[in-house]
Structures are given as C-alpha cells and as structure tokens.
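In what follows, chains are A, B, ... by sequence order, proteins preceding strands, each numbered from 1. Note that the structure is a prediction, hence the values are computed from the model and not measured.
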Protein chains: 2
Amino acid sequence: MSEKKCNYFECPITRTADVIGGKWTLPIIFALIYETKRFKELERSIEGINTRMLVKELKQLEDNGLVIRKVFAEVPPRVEYSLTDKGKALKNVLVEMREWGNKYLFDTIL
Amino acid sequence: MSEKKCNYFECPITRTADVIGGKWTLPIIFALIYETKRFKELERSIEGINTRMLVKELKQLEDNGLVIRKVFAEVPPRVEYSLTDKGKALKNVLVEMREWGNKYLFDTIL
DNA sequence: CAGAATCCTGCCGGATACTG
DNA sequence: CAGTATCCGGCAGGATTCTG
C-alpha cells in the first residue's frame with residue numbers, strides 16, 4: 001500500500017469499488033462462486049432481490065466481464081450463469097470483507 | 001468461504017459493503033491509513049470531493065467507529081481525523097481490492 | 001422459465017453561499 | 001479553518017404487469 005493520491009478514476013481501489021458497488025453485485029457473485037446457476041435458481045438463492053434487479057445487475061456483471069451467460073435452445077428456456085476467472089478472482093476480496101465483517105460487525109459483544 | 005445463503009443483512013460481506021459503500025468512504029480511509037490528517041488536508045488530498053460530502057461521510061465513518069475526530073481548542077480551529085483499529089483493519093480489504101483492480105481493470109492489454 | 005416494459009420514489013451526491 | 005444551511009437533479013432500486 002503505497003502513499004499515492006487516490007483521485008477516484010485512476011485509483012484501482014475505487015474502480016474496483018465501482019464494479020462491485022451495486023446493491024446486489026456481491027450477493028450474486030457470492031451465489032455463483034462455487035457453482036453455475038440458472039436464472040430462477042439465482043433469484044431464489046438471493047433473498048430480497050427482485051427480477052428486474054437481478055437482470056440488470058447480471059447484465060452489468062456480464063458487461064464487466066465477471067459473469068458468463070450461456071443460453072440453451074430449449075423449451076422451456078434455460079439460461080445458466082457462471083463466473084469468469086476475473087469474477088472468481090474477486091474471492092480474495094470477499095474473504096477479506098467477510099473476515100472484517102465477522103470481526104467488527106458481529107462480535108461487538110466480545 | 002462456506003456455502004451459505006446470503007440474505008443481505010445477516011451476511012458479513014454485504015454488511016461490510018454497506019459500511020464502505022459510500023462514494024468517498026474508501027478514498028477517505030485510504031487517505032488516513034498511514035497518517036492523521038486535518039479536515040482541510042483531507043479535502044485537498046482527495047480529488048473531486050467537496051466539503052459537504054467530506055463532512056457527511058466523515059460523520060458516518062465516526063458513527064460506524066472507523067474514524068476518530070479530535071477537536072483542538074485553538075483559533076483558528078483545528079480538527080484532526082484518524083482511523084480506529086477497526087478502520088485500520090480494513091487495510092486487508094483495500095489491499096485485495098487494489099490487487100484485483102490492478103490485475104483486471106488496468107492490465108487488460110496484457 | 002427467463003426475462004422485457006413501465007411506472008414511481010427516495011435519497012445520494014453535487015453546487016453554492018454563509019458562519020463562528 | 002472547519003464546518004453549516006439550502007437547493008436541486010438524476011438515477012439507483014423497488015413494485016407490478018406482460019410476453020415468447
């Protein structure tokens with residue numbers, strides 16, 4: 001961690017924050033970190049999200065190269081979502097966030 | 001990283017995201033990670049921020065226990081901001097975010 | 001099942017001016 | 001210097017309905 005001025009758009013930290021800053025971005029990535037999932041599966045596994053938001057953020061994640069969308073020519077339709085390597089590489093970030101959250105957000109009694 | 005349902009408010013990851021999700025939160029933490037700074041110093045070291053936002057996010061950070069505000073009874077007034085241990089502990093998260101950002105957001109040519 | 005199309009609202013974040 | 005006090009527009013994000 002060098003002492004460099006963080007002017008937002010040249011800073012890798014804030015740029016990363018922008019990529020994963022959507023309200024449901026992290027839950028989606030988390031849900032896909034170990035397994036491919038279909039749209040409805042995703043929707044069910046993420047409590048509180050609604051269709052529109054899921055579609056929107058998935059598209060954004062796809063545009064950012066974090067998620068792969070695979071369409072099957074079947075009836076009923078089937079679409080599977082999975083993480084790219086770029087997406088999977090976020091795992092370290094998630095791990096650190098979880099670590100910090102558990103330590104400082106839930107163990108306040110200790 | 002266990003396979004647990006992430007229902008937002010019980011999930012340490014998304015809770016952490018909420019704490020550091022303000023637009024200028026990370027730049028502020030970054031600016032304070034190695035040194036205490038006065039208000040104006042902070043404002044100058046973070047490109048693009050304005051007074052109102054800096055005040056607002058600093059207050060939020062203080063409420064969340066990430067930042068300490070120390071007021072000196074002097075004229076002209078002097079207020080110094082520094083990170084608590086809780087705040088400093090976010091360094092690991094920042095490091096991972098920077099790592100990821102550098103690798104996947106800036107080295108796309110490679 | 002996997003979305004697309006609308007509609008609506010809060011509040012996030014920016015600009016600007018003023019104060020002790 | 002270290003902040004308040006207002007004003008304001010845009011859009012993130014939610015609810016709901018419809019389609020192939």
Side-chain angles (χ1 to χ4, degrees), chain A residues 6-9 11 14-32 35-64 66-82, chain B residues 6-9 11 14-15 17-32 35-64 67-82:
Chain A
C6 202
N7 89 336
Y8 215 98
F9 284 106
C11 174
T14 48
R15 294 289 306 277
T16 299
D18 282 344
V19 172
I20 62 176
K23 179 168 182 185
W24 300 101
T25 313
L26 258 18
I28 292 173
I29 292 173
F30 184 81
L32 293 176
E35 41 172 357
T36 295
K37 277 184 181 154
R38 305 178 55 167
F39 186 85
K40 253 324 183 218
E41 272 185 289
L42 263 177
E43 193 169 5
R44 270 189 294 262
S45 69
I46 301 172
E47 246 188 88
I49 200 171
N50 63 16
T51 309
R52 187 178 152 280
M53 270 302 112
L54 184 53
V55 173
K56 209 179 166 190
E57 303 236 323
L58 277 172
K59 196 160 292 171
Q60 221 176 89
L61 287 169
E62 203 191 348
D63 291 343
N64 286 330
L66 304 194
V67 157
I68 294 175
R69 195 180 104 110
K70 191 171 180 184
V71 185
F72 295 82
E74 302 177 1
V75 177
R78 182 219 283 214
V79 181
E80 287 186 352
Y81 292 89
S82 55
Chain B
C6 202
N7 88 339
Y8 215 96
F9 284 106
C11 175
T14 48
R15 294 289 306 277
D18 282 345
V19 172
I20 62 176
K23 179 167 184 188
W24 299 101
T25 312
L26 257 20
I28 291 172
I29 292 172
F30 185 81
L32 292 177
E35 40 172 357
T36 295
K37 278 182 179 154
R38 306 178 56 168
F39 185 85
K40 248 334 180 216
E41 273 185 288
L42 264 176
E43 193 169 5
R44 269 189 295 261
S45 68
I46 301 172
E47 247 189 87
I49 202 172
N50 61 19
T51 309
R52 186 179 151 278
M53 272 301 111
L54 183 53
V55 173
K56 209 178 165 188
E57 304 237 324
L58 277 173
K59 196 160 292 174
Q60 221 176 92
L61 287 170
E62 202 192 348
D63 291 343
N64 286 330
V67 158
I68 294 175
R69 194 179 104 109
K70 191 171 183 185
V71 185
F72 295 81
E74 303 179 0
V75 178
R78 181 221 282 216
V79 180
E80 287 185 351
Y81 292 90
S82 56

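- Contact check, Tyr8(B) against dG13(D): no side-chain N or O comes under 4.0 Å of OP1 or OP2.
- As rounded to whole Å, 16 Å separates atom C1' of dG14(D) from atom CD1 of Ile46(A).
- The nucleotide whose nearest atom lies closest to any side-chain atom of Val55(B) is, among dG3(C), dA2(D), dT4(D), dT4(D).
- The CE-P distance, from Met53(A) to dC11(D), rounds to 14 Å in whole Å.
- Note on ring orientation: taking the six-membered ring where Trp is involved, the planes of Tyr8(B) and Trp24(A) are perpendicular (angle over 60°, cut-offs 30° and 60°).
- Of all heavy-atom pairs between Thr25(B) and Glu57(B), the closest is N-OE1, 2.8 Å.
- Distance alone, capped at 3.5 Å, places no donor-acceptor pair between the Ser82(B) side chain and the Thr36(B) backbone.
- Pairing each heavy atom of Val79(B) with each of Arg69(B), the nearest pair is CG1-CG, 3.7 Å.
- Across Leu26(B) and Ile20(B), no two heavy atoms sit closer than the pair CD1-CB, 3.7 Å.
- Within the 4.0 Å cut-off from OP1 or OP2 of dG3(D), at least one side-chain nitrogen or oxygen of Arg69(B) is found.
- As a whole-Å value, the separation of Ile49(A) CD1 from dA12(D) P is 15 Å.
- Taking only side-chain atoms of Arg38(B), from C-beta outward, the nucleotide of dG14(C), dA2(D), dG13(C) with the closest atom is dA2(D).
- When every heavy atom of Ala31(A) is checked against every heavy atom of Lys37(A), the shortest pair comes out as O-NZ, 3.1 Å.
- Contacts between residues 70-80 of chain B and DNA chain D, defined by a heavy-atom separation under 4.0 Å, are made by Pro76(B), Pro77(B), Arg78(B), Val79(B).
- You won't find any donor-acceptor pair under 3.5 Å spanning the side chain of Arg52(A) and the base of dG3(C), going by distance alone.
- Dashed line: the shortest gap from a side-chain N or O of Lys56(B) to OP1 or OP2 of dT4(D) is not under 4.0 Å.
- Note: CG (Leu58(B)) to C1' (dG3(D)) measures 11 Å, nearest angstrom.
- A close approach under 4.0 Å does not occur between any side-chain nitrogen or oxygen of Lys59(B) and OP1 or OP2 of dG3(D).
- Rounded to whole Å, atom P of dG13(C) lies 11 Å from atom CG of Asn50(B).
- For Tyr81(A), a side-chain nitrogen or oxygen approaches OP1 or OP2 of dG3(C) to under 4.0 Å.
- Across all non-hydrogen atoms, the minimal contact from Tyr81(B) to Leu32(B) is O-CD2, 3.5 Å.
- In this entry the distance linking CD of Glu57(B) with C1' of dG3(D) reads 16 Å, nearest Å.
- Taking atom CD on Gln60(B) and atom P on dG13(C), their separation rounds to 9 Å, with Å as the unit.
- Taking every side-chain heavy atom of Lys40(B) into account, dA2(D) is the closest of dA2(D), dG13(D), dG13(C).
- If you take CD of Glu41(A) and P of dA2(C), they are 8 Å apart, rounded to a whole angstrom.
- Within the 4.0 Å cut-off from OP1 or OP2 of dG14(C), at least one side-chain nitrogen or oxygen of Trp24(B) is found.
- Of all the heavy atoms in Arg15(B) and Phe9(B), the pair that sits closest is NH1-O, 3.4 Å.
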